[in-house]
Every structure is written in C-alpha cells, then in structure tokens.
Amino acid sequence: MQERKYNFRQIEQKWRKNWEERPVNTDTTRPKFYCLDMFPYPSGDALHVGHWRGYVLSDVLARQKLLQGYHVLHPMGWDAFGLPAENFAIQNNIHPEEATKTNIAKMKAQLMDIAALYDWDLELSTTDPAFYKWTQWIFVQMFKHGLAYEKEMPLNWCPACKVVLANEEVVAGACERCGGASTKKNLRQWMLKITAYAERLLNDLNGLDWPDKVKKMQADWIGKSYGAKIDFEIEGHDEKITVFTTRPDTLFGATFMVLAPEHELVLKLATEDKRAEAEQYIKDAGTISNVDRMAKKDKTGVFLGSYAVNPVSGQRLQIWISDYVLADYGTGAIMCVPGHDERDFEFATKFGLPIIQVIDPPDDTGVMINSDKFNGLTVAEGKEAVTAELAARGIGEKTTNYKLRDWVFSRQRYWGEPIPLIHCDACGVVPVPEDQLPVTLPHVDSYQPTDTGDSPLALITDWVNTTCPTCDQAAKRETNTMPQWAGSSWYFLRYADVNNDKELINPEIMKKVLPVDYYVGGIEHAVLHLLYARFYTKFLYDIGVVDFVEPFTKLFNQGMINKDGKKMSKSKGNTVSPDDIVGKYGSDTLRLYELFIGPPEMDAEWNENGIEGVFRFLNKLWKFVADNTGKAVKTTPRHEQLRHKLIYDITTRMDNLSANTVVSGFMEHTNKLTDMARADGMDKETIETIIILLAPFAPHMAEELWEMTGHNTSVFHQSWPQYDETKMAEDTITIVVQMNGKLRENIHVAADAAKDDVLAAAKVSVAGRLEGLTIVKEIYVPGRLVNFVVK
RNA sequence: GCCCAAGUGGCGGAAUUGGUAGACGCACAGGACUUAAAAUCCUGCGGUAGCAAUACCGUGCCGGUUCGAUUCCGGCCUUGGGCACCA
C-alpha cells in the first residue's frame with residue numbers, strides 16, 4: 001500500500017533519522033566547497049524566522065554544491081563570549097558559563113529543524129578552552145610582532161555597560177550594544193595596530209566577490225586621503241604645529257589655526273590671560289558625551305593668545321582650540337582656510353577672523369589667485385607645486401592619511417578570553433609561554449562589572465598573582481579580557497581542523513579546505529567583524545599560518561525580515577517563531593517560504609499569507625509524483641523539451657541567486673507537468689529530474705519521493721541535472737506584431753521561419769489596420785517581434 | 001548635509017541585452033464535488049468605457065532619447081539604509 005497523502009511529520013522525522021545514520025556528505029575525495037554561515041550568539045532569545053532566512057539560503061547552496069559533485073564543508077558553531085551572553089547572565093542571575101551552555105542547547109535544538117547539512121562533528125564554541133587557546137596564541141604572536149601595545153588614552157566609554165568601546169562599536173555617538181550615550185574616559189588599554197594593515201585592507205578589497213555596498217563601507221571606514229603635512233612655526237616657541245591638509249594649494253588662504261582641545265601643545269600655547277578660559281573649555285570638551293557634541297550646531301572655541309606664521313604668506317595666524325577639530329584624525333591640528341572650507345568659514349565669521357579667497361572660481365575648475373608666484377596654476381598643479389616648495393624648504397611633505405584607527409582590544413569584563421600577558425616589575429610585560437596556553441578563565445561567583453573600570457578578574461587575587469615566566473619573581477596577570485570579536489576573527493579556520501591540539505590548523509588541511517568559498521550573513525557585520533577577520537587573516541598569512549590573504553572569497557548578505565515595518569527582535573516583542581510553523585506545515589514548507597518571500601538580498605516584511613500557497617505547491621508536487629510513478633510512459637520530444645526548460649529555469653535562476661523565482665519556477669513547472677501528465681502521461685526521467693532539482697530546497701520530501709520512485713539510496717548521491725538548450729527549443733514561437741510600438745496582434749510561426757516569411761505573415765495579420773497607411777519602416781527582432789512604423 | 005538602494009494591481013512580487021508589463025503565489029468573486037463543511041478542482045481578477053469584439057490609460061512625479069522605455073539620460077518627490085565637523 002502506497003501512502004498517497006503528503007504526511008510531512010512522518011517524512012521529516014524519518015529522513016532526519018536516516019541522514020544521521022547514513023550521512024550523505026562524506027566523500028572527501030571530491031573537490032571541496034566551503035559554505036559558511038556567520039555563527040550566532042547563543043543569547044537567551046530563541047531563533048526567529050529572520051534567522052532562518054540566511055541559514056536556509058546557505059544550506060540550499062551547500063546542498064546544491066553537493067549534488068554538483070563537491071564535498072561540502074558546512075559547519076556551525078557558537079560565538080559565545082562577549083557582552084550579550086554576559087548581560088543575559090547578569091539579568092537572569094545565572095553564571096555566564098551555565099547560561100551559555102543552556103542557550104546553546106536550546107538554539108541547537110531549534111537549528112535542527114532547518115535540517116541543514118551541518119556537520120555537527122565540527123561544532124565549536126569560542127568559549128571552549130581548546131578553542132580560545134588559539135585565540136590567545138594569535139594574540140601572543142601579534143604581541144611578539146609588535147602589533148599589540150599598551151596605551152593610556154581617552155577612550156569611548158559606555159557608562160551603562162561599564163565597558164570601553166572600540167571606535168567601530170560607537171554608532172552615532174552611542175553604544176552599539178545598549179544604545180546609551182558614550183562618553184570619554186582615560187584608561188590603560190591594549191591596542192592592536194590594525195592601521196599597519198590599512199593599505200592592504202583597502203587594496204585587497206578589489207579582488208573580492210563581495211557586494212559593492214560592503215566594499216564601499218569598508219573603504220570609507222579605512223578612509224584613505226592624499227595631501228600634505230605642513231609645519232607651522234609658532235612665535236616665541238621652539239615647537240612647531242604640524243597639520244595635515246588635502247588642499248595644500250590653498251595655503252595662501254590659511255588665516256588662522258585650530259587645535260583639538262586634547263592636542264598636546266594646547267596648555268603651552270595658552271598665554272596667562274587665556275589659560276583659565278582654555279582649561280575650562282578643555283574640561284567641558286572632555287566630559288560632554290559624543291552625542292551631545294555632535295548635536296551642537298554652533299562652532300565654539302577659545303583663542304589661546306599665541307600666534308603661528310603662515311610659511312608662504314608670512315601672515316600672523318591666531319591659534320585657537322575648538323572641538324570641531326578631532327584629536328585622533330590627521331595630526332589633531334588644522335590650518336584654517338575660511339575662503340574655501342565651510343566649517344572654517346563658519347568659525348571665521350563667528351569670531352571675526354580674516355577670509356581670503358585664493359582659488360577662482362572657488363571649485364575644481366578654478367585657478368590660484370592671491371598666491372604670489374603660484375597664481376594661475378590649477379588646483380591639481382597647485383597641490384603639487386606648493387607641496388614641492390615646502391618639501392624643498394624642509395617644512396612639508398606629501399602624505400597619505402587614513403581614518404582607520406588602532407583597535408582598542410581590551411575589555412574590563414569577565415566573560416571573555418583572558419589576555420595572556422604577565423606584568424613583571426623587573427621584566428616588564430611578558431607573554432605567557434605558548435606551552436602554558438590557554439590561560440583559562442577562573443570560575444568565580446562575582447562577575448559583575450566594577451564601577452572603577454577595572455576588570456572583575458582584578459579582584460581574584462590568587463588568580464592575578466603568579467610568577468614571571470622570565471625571571472621567576474612574583475608577578476601579576478593581565479586582568480583585561482578580549483572583545484567579542486577576537487574569536488570570530490578567525491573561527492572559520494578552526495572548523496577545518498577543530499580537534500587539533502598541536503597547532504591552530506594543520507597546513508595540509510588549510511591548503512585543501514580554505515579559504516571560505518561562500519560566506520552568508522547579515523549586513524550588520526559589513527565593517528566590524530569582516531574588517532577584523534580580514535586583518536587577522538593577513539597577519540596569519542604574514543607569519544605563515546595560512547597561504548591566502550583574504551578569508552572570504554564570496555560574500556552574500558541576506559536581507560532582514562521585518563515585522564510591522566520594524567526589525568524583528570525580542571525587545572520589540574515582534575518576533576515570529578519558526579517552531580509553530582514547522583509544527584503546522586513542516587520544515588520543507590518553511591524552507592521554501594523563506595526563499596519565496598522575496599529577493600534574498602532585500603529586506604522583507606513577514607506575512608504568513610503566502611505560506612499556504614507554498615504548502616499547496618508541495619502537496620501538488622507530491623500528488624504529481626505519486627500519481628505518475630509506476631505508470632510512466634515513454635519519453636517524447638515534448639517531455640524532453642519541458643524537462644530541459646525546467647532544468648534551465650531552476651539552474652540559471654539559482655546561479656543568479658534569485659531564490660524567490662526558483663520557487664515560483666517550481667510551481668509553474670509543476671502545473672505544466674501535471675497538465676501534460678493528464679493529457680499524455682509522464683516519463684520516468686522527467687519525474688526523477690524534478691525530484692533531484694527539488695532536493696536542495698525541500699530535502700525531506702525529495703528523499704521520500706526519490707524512494708517512492710523506486711530508489712534505495714539517497715537522492716543526494718545523484719548529480720545535478722544538465723540542460724541542453726537545443727532540446728528546450730519550441731517548434732513554433734509567438735511573434736508580437738506592433739504598429740508604431742503598440743501591440744496589435746500575436747502570430748505563431750515556425751521557430752526557424754525566415755525573416756521575409758515572418759514579415760509577410762505579420763503584414764497579413766494586420767492587413768485591415770494597414771489600410772490607408774504607408775509602412776515607412778519595418779523592425780524585426782528575431783524570435784520576438786515585428787514593428788511596423790506607419791504614417 | 002553627503003553616499004547607496006528601492007518605489008510596478010487589493011497584497012508579496014515577476015519581466016535575459018531597450019522588445020507582449022503584471023509570471024508565480026496570496027486575497028477576493030463565481031462555479032463543480034458534498035446532506036453540509038473542510039480539502040480539492042475549474043473560471044475570472046490593473047483602471048475607465050462597452051453586452052461584446054475592442055479602444056484608451058497605466059510601472060512614484062516632470063521632461064528627454066528611441067520604431068519601441070519598468071529598463072537608458074536629465075531634473076524632482078517619497079521611503080529605507082550607511083556615513084556624518086575626517087581638514
């Protein structure tokens with residue numbers, strides 16, 4: 001007795017069990033395809049239908065590659081360190097380690113419903129000492145190569161999270177995590193010299209198959225600009241003020257100077273009568289939050305009482321401080337050209353400072369005026385000429401400048417990888433010897449952040465107190481931990497060799513499996529995670545651990561799924577759980593619906609109205625196979641033609657990653673095939689073809705149908721069908737007949753009809769309409785249309 | 001303010017390179033089957049006029065190029081996203 005009804009519950013259970021017992025992706029002799037999802041944070045929030053979207057898409061890619069003859073690496077793991085996990089733990093009063101374990105178990109159970117091809121043997125967690133041993137090892141290598149350094153500096157500080165933020169973590173002056181205003185705080189921090197890689201991080205973007213949008217965001221973040229550094233002498237002082245400018249051609253128009261309030265020369269240059277006012281301004285600038293500072297419209301500032309000298313015009317320049325000059329961009333000081341810079345103009349106008357025009361007209365097409373011997377030069381010529389003159393005089397040079405700043409790498413929190421360093425009074429900072437890694441996180445009861453900005457680890461004295469690896473004297477451990485990004489910056493390497501306790505990754509395996517071929521994840525990581533991962537990869541290349549410089553060959557960012565016009569999130573209370581939908585319609589239906597909802601790269605509004613249609617489609621396809629298997633007819637050219645068109649549509653649409661039209665293509669073809677089967681019967685090969693094509697999208701059902709057609713091995717051991725365009729061609733085609741570009745008639749002609757015959761037939765079809773008119777032009781587009789231009 | 005997307009029926013969306021606008025699906029309406037309902041199947045479904053054949057209009061707005069424009073160009077409007085005093 002054959003089961004005629006599509007019983008998804010039974011089928012899905014059956015094949016999950018089957019795949020577990022007999023895995024389908026085991027042939028490691030095939031060429032590899034590494035298809036990776038950005039791994040999730042196991043926070044307390046359950047997965048919602050938005051998470052599914054990316055995971056389903058990458059799994060469809062992975063399963064299609066399997067059918068196309070690859071061995072697919074498609075792993076999954078947990079980005080479990082960091083603030084989200086720690087904050088969840090604090091809120092719920094559970095130790096982060098416990099909370100992480102529970103959350104991982106919960107999320108993993110949910111993830112199982114997707115029925116992705118994940119190889120759970122490769123599962124990893126960034127919180128596993130066997131994993132973070134190597135996170136620490138990379139840090140030690142960076143330290144040894146001079147890329148990690150300690151610095152006391154005013155840093156972005158989130159008073160709510162009680163933690164230092166990297167520049168990348170401050171969004172519009174607010175903490176990226178909690179949304180609260182970020183302020184400045186002076187603290188000793190560990191920094192990573194990512195700026196040393198700025199040029200390579202920028203240049204290597206060119207070769208990547210990534211969305212242009214993401215490449216542009218990274219390029220903007222790196223922010224390369226060309227210009228000059230120029231020294232200005234100060235009246236009565238030996239020091240000089242060095243500025244960076246992109247417009248050395250406007251030097252004759254520099255009429256005053258402004259330093260950032262944090263600039264090191266400020267107090268020296270403030271004259272007695274101005275000192276109090278300057279000090280007050282600096283104090284205000286330091287305590288005001290970034291949000292408030294940016295909300296300020298008016299320019300403010302204090303004249304320091306000192307003067308500099310314009311090196312070409314000789315003019316005396318008042319030296320001011322103002323918070324519109326940023327301490328950490330360029331040199332923290334600028335020459336002000338109010339004639340050609342809007343902000344300088346605003347400042348000059350407010351404080352009555354001189355304004356000189358030196359480019360006429362004042363745009364790219366202008367030439368230099370009021371500039372002595374440079375008069376008449378274009379902007380481009382002027383940049384070169386002025387810079388050359390300054391260089392000859394030894395007071396300037398051509399410079400390239402970057403917005404990118406070094407990475408604040410330490411966090412004053414508990415739930416992270418301990419930074420593996422030891423502070424010794426005699427030897428200074430000494431890395432923990434590699435054979436003593438990992439430095440494990442001590443298990444403690446109090447992991448709440450401290451108000452002082454110290455790490456909670458600082459309170460655990462028997463962990464902090466140790467001996468120096470170099471001189472064996474009493475020494476203290478570094479108590480800061482690493483940021484969440486540390487583990488995610490290199491985890492993709494580890495999947496390939498997850499159990500190796502001798503090295504980060506075996507070189508042979510590395511060569512065979514990496515880099516990642518296809519990386520799928522949210523656009524929110526366009527700068528942070530992807531930039532850091534690229535930096536780590538380049539460093540690991542430099543020290544010979546990997547043999548490639550870019551970790552992710554191709555990147556795809558799936559669109560977000562919104563509900564009621566807003567991003568789905570637990571805090572907004574608008575999440576939709578996949579669990580109920582899986583229960584009602586099955587995993588295959590939800591997989592297809594996630595793809596059907598719209599173009600994968602675009603945001604979509606969640607709306608369950610269409611899910612019924614997808615479920616109906618699967619039922620129809622089920623019925624088509626069940627009704628026609630066992631009484632298959634001999635293949636006719638008409639069967640072949642339909643079959644090749646089916647393969648063509650699904651394959652090319654998938655190649656373009658147009659997943660939504662792949663699903664509509666399946667629906668369309670199933671309707672056509674059903675009609676044809678009723679009229680002429682259906683051949684075995686076509687039935688089997690649609691099952692194989694369906695397998696990446698609805699794997700459970702495809703397996704069941706494959707079995708129904710008399711096979712006893714997995715459908716995933718088949719190969720992706722090939723199409724032959726010559727076999728797709730129709731015998732007769734429809735030609736549109738237009739008059740003056742307007743549709744008038746449709747005619748049917750033989751596919752190989754000659755041009756003259758088509759035109760003749762077209763004329764016949766519109767003969768009545770042509771009466772009294774003259775054809776002035778005939779347009780013929782083979783296979784498509786005829787257009788008569790008439791008068 | 002600057003940069004980047006997007007704007008198509010009641011709804012989600014489709015449309016190779018400039019070549020039949022609205023595929024596929026949802027919703028809706030009518031019908032078949034049924035004692036009835038569900039499920040399923042069939043038909044219709046952009047607007048206006050018309051019994052109809054058909055005609056005209058129609059892809060955010062205004063204009064242009066072209067035999068022909070959702071597609072290309074110029075100028076706007078709206079929405080979403082990114083950056084934001086970067087010298």
Side-chain angles (χ1 to χ4, degrees), chain A residues 5 171-173 211-214 216-217 220-221 223-225 227-228 243-247 250 254 257-258 260 293-294 296-297 299 322-326 328-337 340-344 346-347 401-405 523-524 526-527 559-560 562 565 592-593 596-599 601-617 619-620 623 649 652-653 656 658 660-671 674 734-746 775-790:
Chain A
K5 205 171 169 303
V171 177
D212 289 340
K213 184 182 178 180
V214 175
K216 192 177 178 310
M217 279 168 77
D220 286 351
W221 190 266
K224 184 178 185 177
S225 59
V243 304
F244 169 75
T245 177
T246 55
R247 296 295 303 276
T250 63
M257 303 193 79
V258 176
R293 184 162 161 174
M294 284 194 321
K296 259 168 59 171
K297 289 242 166 60
K299 293 274 179 291
S322 174
D323 60 10
Y324 83 92
V325 175
L326 308 175
D328 46 10
Y329 179 75
T331 61
I334 61 171
M335 66 176 208
C336 297
V337 186
H340 300 281
D341 182 281
E342 224 176 285
R343 297 151 302 176
D344 296 346
E346 210 182 303
F347 195 87
N401 197 64
Y402 299 91
K403 278 192 217 176
L404 184 69
R405 291 156 212 174
I523 186 75
E524 66 271 21
V527 178
M560 260 180 346
N562 297 325
L592 280 182
Y593 187 60
F596 190 56
I597 194 164
E601 71 281 6
M602 305 271 275
D603 289 354
E605 170 75 19
W606 185 260
N607 174 336
E608 264 159 64
N609 294 343
I611 202 158
E612 195 75 45
V614 171
F615 185 63
R616 277 179 205 149
F617 154 69
N619 277 283
K620 281 185 203 173
K623 193 167 179 320
D649 279 349
T652 53
R653 290 175 189 192
N656 294 328
S658 180
N660 52 328
T661 62
V662 167
V663 178
S664 63
F666 272 120
M667 291 171 169
E668 205 175 338
H669 281 284
T670 300
N671 292 342
T674 303
T734 304
I735 298 283
V736 169
V737 183
Q738 298 182 337
M739 284 170 65
N740 290 340
K742 284 195 174 180
L743 173 69
R744 288 301 175 230
E745 299 291 336
N746 287 303
I775 297 176
V776 295
K777 199 174 175 185
E778 295 171 348
I779 314 262
Y780 174 58
V781 182
R784 287 205 182 265
L785 63 76
V786 172
N787 185 17
F788 295 118
V789 185
V790 297

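Owing to the predicted nature of the structure, the values given are computational and were not obtained by experimental measurement. So that the names make sense, note that chain A is the first sequence line, chain B the second, and so on, each numbered from 1.
- G47(B): glycosidic angle beyond 90° from 0, hence anti.
- C26(B) and U20(B): their C1' atoms are spaced 25 Å apart (whole Å).
- Contact record, N746(A) with V736(A): OD1-CG2, 3.7 Å, taken as the closest heavy-atom pair.
- At least one side-chain nitrogen or oxygen of K742(A) sits closer than 4.0 Å to the OP1 or OP2 atom of C57(B).
- Across every strand in view, U59(B) sits unpaired, with no contact that passes the Watson-Crick or G-U test at under 3.5 angstrom.
- Residue R744(A) is in sugar-phosphate contact alone, with no base atom involved, counting any heavy-atom pair closer than 4.0 Å across all strands shown.
- Of the candidates C85(B), U20(B), G82(B), the closest approach to any side-chain atom of T734(A) belongs to U20(B).
- V243(A) and M257(A) make their closest contact through CG1-CE, 3.5 Å (heavy atoms, listed as atom of the first residue, atom of the second, distance).
- The backbone N or O of T661(A) lies less than 3.5 Å from a partner atom in the side chain of R653(A), making a donor-acceptor pair.
- Rounded to the nearest Å, the gap between the P atom of A27(B) and that of U40(B) is 10 Å.
- Nucleotide A52(B) forms no Watson-Crick or G-U wobble pair with any nucleotide shown, as no partner meets the under 3.5 Å limit on both distances.
- Between K777(A) atom NZ and U66(B) atom P there is a gap of 10 Å when expressed in whole angstrom units.
- Nucleic acid contact class of I597(A) (heavy atoms, under 4.0 Å, all strands): sugar-phosphate only.
- Pairing for U16(B) is absent, with no Watson-Crick or G-U wobble pair whose two atom distances lie under 3.5 Å.
- Rounded to whole Å, atom P of G13(B) lies 21 Å from atom CZ of F666(A).
- Here, C42(B) and C33(B) have their P atoms 15 Å apart, quoted to the whole Å.
- Taking atom OH of residue Y324(A) and atom C1' of nucleotide A84(B), one finds them 16 Å apart after rounding to whole Å.
- The side-chain hydrogen bond (donor to acceptor under 3.5 Å, both in side chains) analysis of residues 607-616 of chain A, with sequence neighbours excluded, yields the pairs Y585(A)-E612(A), W606(A)-E608(A), N607(A)-N609(A).
- For A14(B), one of the phosphate oxygens OP1 or OP2 lies less than 4.0 angstrom from a side-chain nitrogen or oxygen of N660(A).
- Between the side chain of N740(A) and the backbone N or O of V790(A), at least one donor-acceptor pair lies under 3.5 Å.
- The side chain of S664(A) has A23(B) as its nearest neighbour among A23(B), C85(B), G19(B).
- Remark: T246(A) engages no residue in a side-chain hydrogen bond (donor to acceptor under 3.5 Å, both in side chains) (not counting sequence neighbours).
- Distance from the side chain of P599(A) is smallest for G13(B) among the nucleotides C57(B), G82(B), G13(B).
- The partner of C28(B), taking Watson-Crick or G-U wobble pairs whose two distances both stay under 3.5 Å, is G44(B).
- At a threshold of 4.0 angstrom between heavy atoms, the contacts of S225(A) are confined to the sugar-phosphate backbone, with no base atom among them.
- If you take CZ of R653(A) and C1' of A14(B), they are 9 Å apart, rounded to a whole angstrom.
- A distance of about 45 Å separates the C1' atoms of G1(B) and C56(B), rounded to the whole Å.
- At a threshold of 4.0 angstrom between heavy atoms, the contacts of Q738(A) include nucleobase atoms, whether or not backbone atoms are also involved.
- When rounded to the nearest whole Å, the span between CG of L404(A) and P of C83(B) equals 15 Å.
- Nucleotide G7(B) has C77(B) as its partner under the Watson-Crick or G-U criteria, with both atom distances under 3.5 Å.
- The minimum heavy-atom distance between T250(A) and M335(A), with the atom names listed, is OG1-CE, 3.8 Å.
- Of the possible polar contacts, one joining the D603(A) side chain to the M560(A) backbone as a donor-acceptor pair under 3.5 Å is found.
- With the nearest nucleotide of RNA chain B identified for both E605(A) and N740(A), E605(A) has the one nearer the 5' end.
- Comparing the C1' positions of U71(B) and G10(B) gives a spacing of 26 Å, expressed to the nearest Å.
- Using N1 to N3 plus N6-O4 or O6-N4 for Watson-Crick, or N1-O2 and O6-N3 for G-U wobble, each under 3.5 Å, G1(B) pairs with C83(B).
- Looking at D344(A), its side chain does come within 3.5 Å of a backbone N or O of V337(A) through a donor-acceptor pair.
- The nearest heavy atom of RNA chain B to G741(A) and to N607(A) marks one nucleotide each, and the one closer to the 5' end goes with N607(A).
- One finds a side-chain N or O of Y329(A) lying less than 4.0 angstrom from the OP1 or OP2 phosphate oxygen of A87(B).
- For F244(A), there are no ring pair (Phe, Tyr, Trp, His ring centres under 6.0 Å) partners at least two apart in sequence or on another chain.
- Using Watson-Crick or G-U wobble geometry with both donor-acceptor distances under 3.5 Å, U66(B) finds no partner in any strand shown.
- Taking atom NE2 on H669(A) and atom P on A14(B), their separation rounds to 17 Å, with Å as the unit.
- Scanning both residues, V258(A) and C336(A), for their nearest heavy atoms gives CG2-SG, 3.6 Å.
- V789(A) comes within 4.0 angstrom of sugar-phosphate atoms only, judged by non-hydrogen atoms across all strands, and of no base.
- Taking atom CZ of residue R784(A) and atom P of nucleotide G18(B), one finds them 12 Å apart after rounding to whole Å.
- With C1' as the reference atom, G19(B) and G30(B) are 36 Å apart, rounded to whole Å.
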Give me the distances for all protein-to-nucleotides 2-8 of chain B N/O pairs that come in under 3.5 Å?
{"from": "C3(B)", "atom 1": "O2'", "to": "K216(A)", "atom 2": "NZ", "distance (Å)": "3.1"}

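- The shortest heavy-atom contact between Y593(A) and I611(A) is CE1-N, 3.6 Å.
- Contacts of T674(A) classified as side-chain hydrogen bond (donor to acceptor under 3.5 Å, both in side chains), with partners at least two apart in sequence or in another chain: none.
- When the P atom is compared between G58(B) and G68(B), the two are found 15 Å apart, to the nearest whole Å.
- L743(A) has its CG atom 15 Å from the P atom of G19(B), to the nearest Å.
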- prompt: Base, backbone or nothing for each nucleotide of nucleotides 25-30 of chain B, written B, S, -, heavy atoms under 4.0 angstrom, 5' to 3'?
  reply: SSS---
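- The phosphate of G13(B) (OP1 or OP2) has no side-chain N or O of T661(A) nearer than 4.0 angstrom.
- Taking atom C1' in both U59(B) and G9(B), the straight-line distance is 10 Å, to the nearest Å.
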